[in-house]
Structures are given as C-alpha cells and as structure tokens.
Protein chains: 2
Amino acid sequence: MEQVIERIGLTLSGMGMPRMAARVFAAVLVSEQGRVTSAELAATLRISPAAVSQAVQYLENVGMIARDREPGRRRDHYRLLSEHWYEQMFTSRDRMLVAIEGDLTAAVGAIGVGSAAGQRLDETRRFFAYLRGELPKLIERWREREAASGHAEQA
Amino acid sequence: MEQVIERIGLTLSGMGMPRMAARVFAAVLVSEQGRVTSAELAATLRISPAAVSQAVQYLENVGMIARDREPGRRRDHYRLLSEHWYEQMFTSRDRMLVAIEGDLTAAVGAIGVGSAAGQRLDETRRFFAYLRGELPKLIERWREREAASGHAEQA
DNA sequence: AAGTCCCTTCACAAATTTGTGAATGTCGTG
DNA sequence: CACGACATTCACAAATTTGTGAAGGGACTT
C-alpha cells in the first residue's frame, strides 16, 4: 500500500507538483474514505508533522484538498476537494497557457511579425491560443463519455 | 532582445524544462536564422561554454535542436529541429501519460476495483487513457486549421 | 607534427529546494 | 484557568540541482 502511494507520488511530482505535496496527495487519493488525518499522513509517509503541514497548505492553495474538522474533535481531516481532481490540472494548465501566450505576444510585439523569428513566435502563440480553446472541449467530451459508459457518479 | 529571450526561457522552465536548457532554447528560437553558435549563446546569455554544452546536450536528447557543422569550419551551429517545436512537447507529454497510466494500472491492481480508492484510481486511469487518444487528434486539427488559414508553410 | 580554436567532461562550488526540530499557537477537556 | 493534544511556523540543516573552472579531446590550420 505504501509502495502504491510512493509510486503515485513520484508520478505526480514528475508532473510538476512539489515532492512532499505529491506524496501527501497520493496518500489522500489512495485512502479508502478519501480523507485522512495529519497524524495518519505523518505515520504512513514517515515524515514530520511540519512536513505534513506545509504540504497540506500547498494542496489547499492549489485547490486539490480541503480541511475538515468535526465539531468537538481535535483532529483535522484532509479530504479530496473533488473526485475528479485530475480535471483540476487543466485549470492550472490553463493559467499557464495564458501566461505563455502573454509572453509570446510580448515577444512578437518586441521583435515584429516581419522577421522570421517573429513569425516563428507568432505561430507558437497561435498554437497555445488554440490549446486554450480546445482543452475545455476535451474535458466536456470526457464527461459525456463517462456519463455514456455509466461510470459517472456525479457527487 | 535579451529580455525577450530570458522571458521565454522563464516560461519554458516553468513548463518543466531545465533552466539553462530553456534559456538556450529560447535563444535559438528567437534567432533570426533559427540557428546559433556556441560562442554566440555563451555571449548572449552570459554563461560559460560548459553550460552551453550541457544545455545543448539536453536539447539534442529531447529532440528539440540539432547540431550542424559546415565542412571545413570549426564552429558548431545549433538549430531548431522543427519549426513546429511545440508539437514536440506532446511527444514527451505522451510518454509521461503512458507512464502515469501504467502507474495507475498497477495501483488499481494492487488495491482492487472493488474499493472506493480503487474506483477513484480507475477513473483517473481512464481519463489519462482518454487524453492519450485525444492529443494526436488535437494536433491534427491544429494542422488543418493552420493549413486552412494560410499560415502553414510546410518545410 | 605542432599549434590553436572550439567543444566536452567532471569534480566541485554555488545556488536552490526540501524537510525538520523546537518553539509557538489553537482548541478541547477537566 | 491550566493542561494536553494537535497543528503551524520558521530558522536552519540536509539534500538536490545548477553552473563553472580547468583539464582534456577533436578537428582545422600551418
């Protein structure tokens, strides 16, 4: 079980997530209830409470997990914000694409479309703009597909 | 001009490319001829020849630039392997998606689809499998669009 | 063959990122 | 209010990544 968690953690950190956050997220993802306590995370991953705290903060900030606490209880729980968490990656990807397009637009403006370099950069800019338009449709078709195949269990 | 290079370099490193490789690639991308020498790169980016060498090696390995040398000349040139270099990112992205799907398949196998965690991971696996199928079509439609709009100048 | 230009290699320094110990803060219990 | 369980904060240690100096190698020139 811990092996599975570490492997998924490696995959997620390979996709750009900070290492500890990736491991913590993997532990939450793999948990039966989709929710764990800080102490459970520290024990499962063999890390310090401080590391749990920082990773959890990151994951909350990027909207991947949420913190719970039952009234009258001392322990915090951390749970998946969404079962379809992977769609989240497209939200952050979209922000990145916006940034890239902005950079390229500025670059083309500085160089001018008349030059070979400018044309090359302008083509790249158009590609990223195209991606931004297409990715939501990709998600949409995915959802339809899942619904059609009976896998969807809308929360 | 150097500002443009550094900005694009930052964007590319934000997308996962090693920092020096990103800067070197940005310098090549922005060059008028799409090709530069090692000395030009070292001067433009104010880095050591060793740094240029390592960055160039990385970029060759991932198939983004190629090395040229004119017969009778001592200086190497580094040029874009393709004007549509951004499509390359999907090749490497596809490899990553294959790896992710493999990890998830193993995880589901270990946990079992009967559990909530197993179902969650299986859904994620299906999503990445879907992405792998869709990304080539995305590229295809992009090419058609460019061709239709008269921007395409097939090399 | 020797010299020089250009490039690569790699041990190691420098820079950056990651993770912790211990102090501090919050909140529930008695 | 005091105490204890649980969590956070942050200075700093540890780990990792990045970039270089200098030695070495390849290829062109003389």
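These numbers were taken from a predicted model, which means no experiment stands behind them. By convention in this document, chain letters (A, B, ...) are assigned in the order of the sequence lines, proteins followed by strands, and residues within each chain are numbered from 1.
Taking 3.5 Å as the limit, the base of C:dC6 and the side chain of B:R74 contain no donor-acceptor pair of atoms between them.
Of all nucleotides listed (C:dT20, D:dC6, C:dC7), C:dC7 comes nearest to the side chain of B:D76. Proximity note for A:P49 (side chain, C-beta onward) versus C:dG21, D:dT8, C:dT16: the nearest is D:dT8. Closest contact between the side chain of B:A50 and the listed nucleotides C:dC10, C:dC7, D:dA7 involves C:dC10. Among C:dC7, C:dG3, D:dT20, the nucleotide with an atom closest to any side-chain atom of B:Q54 is D:dT20. Listed nucleotides: C:dC7, D:dG21, C:dT9. Nearest to the side chain of B:Q57: C:dT9. The side chain of A:A51 has C:dG19 as its nearest neighbour among C:dG19, C:dT16, C:dA22.
The side-chain heavy atoms of A:L81 and A:I65, taken from C-beta on, include no pair separated by under 4.5 Å. Residues A:R23 and A:I8 have side chains not in contact (no heavy-atom distance under 4.5 Å, counting atoms from C-beta outward).
At most 12 non-hydrogen atoms from other residues, nucleotides or ligands lie less than 6.0 angstrom from CZ of B:R73.
Just one of A:R75, A:H77, A:R79 meets the side chain to side chain donor-acceptor pair (under 3.5 Å) condition when paired with A:D68; it is A:R79.
An OP1 or OP2 oxygen of D:dA7 is reached within less than 4.0 angstrom by a side-chain nitrogen or oxygen of A:S38.
With salt bridges taken as basic N to acidic carboxylate O contacts below 4.0 Å, one links A:E134 and A:K137.
Protein atom CE of B:M17 is 17 Å distant from nucleotide atom C1' of D:dT17, rounded to whole Å. Taking atom CG on A:N61 and atom C1' on D:dT8, their separation rounds to 14 Å, with Å as the unit. Going from atom CZ of B:R19 over to atom P of C:dA15 covers 12 Å, rounded to whole Å. Distance B:R75 CZ to C:dT8 P: 13 Å, rounded to the nearest Å. The nearest whole Å value for the distance from the CZ atom in A:R67 to the P atom in D:dT8 is 4 Å. The OH atom of A:Y78 sits 7 Å away from the C1' atom of D:dA7 (whole-angstrom rounding). Atom NE2 in A:H77 sits roughly 16 Å away from atom C1' in C:dC27 (whole-Å rounding). Taking atom CZ of B:R46 as the reference point, atom C1' of D:dT20 lies 17 Å away to the nearest angstrom.
The residue A:S53 sits close to a base: some heavy atom pair falls under 4.0 Å.
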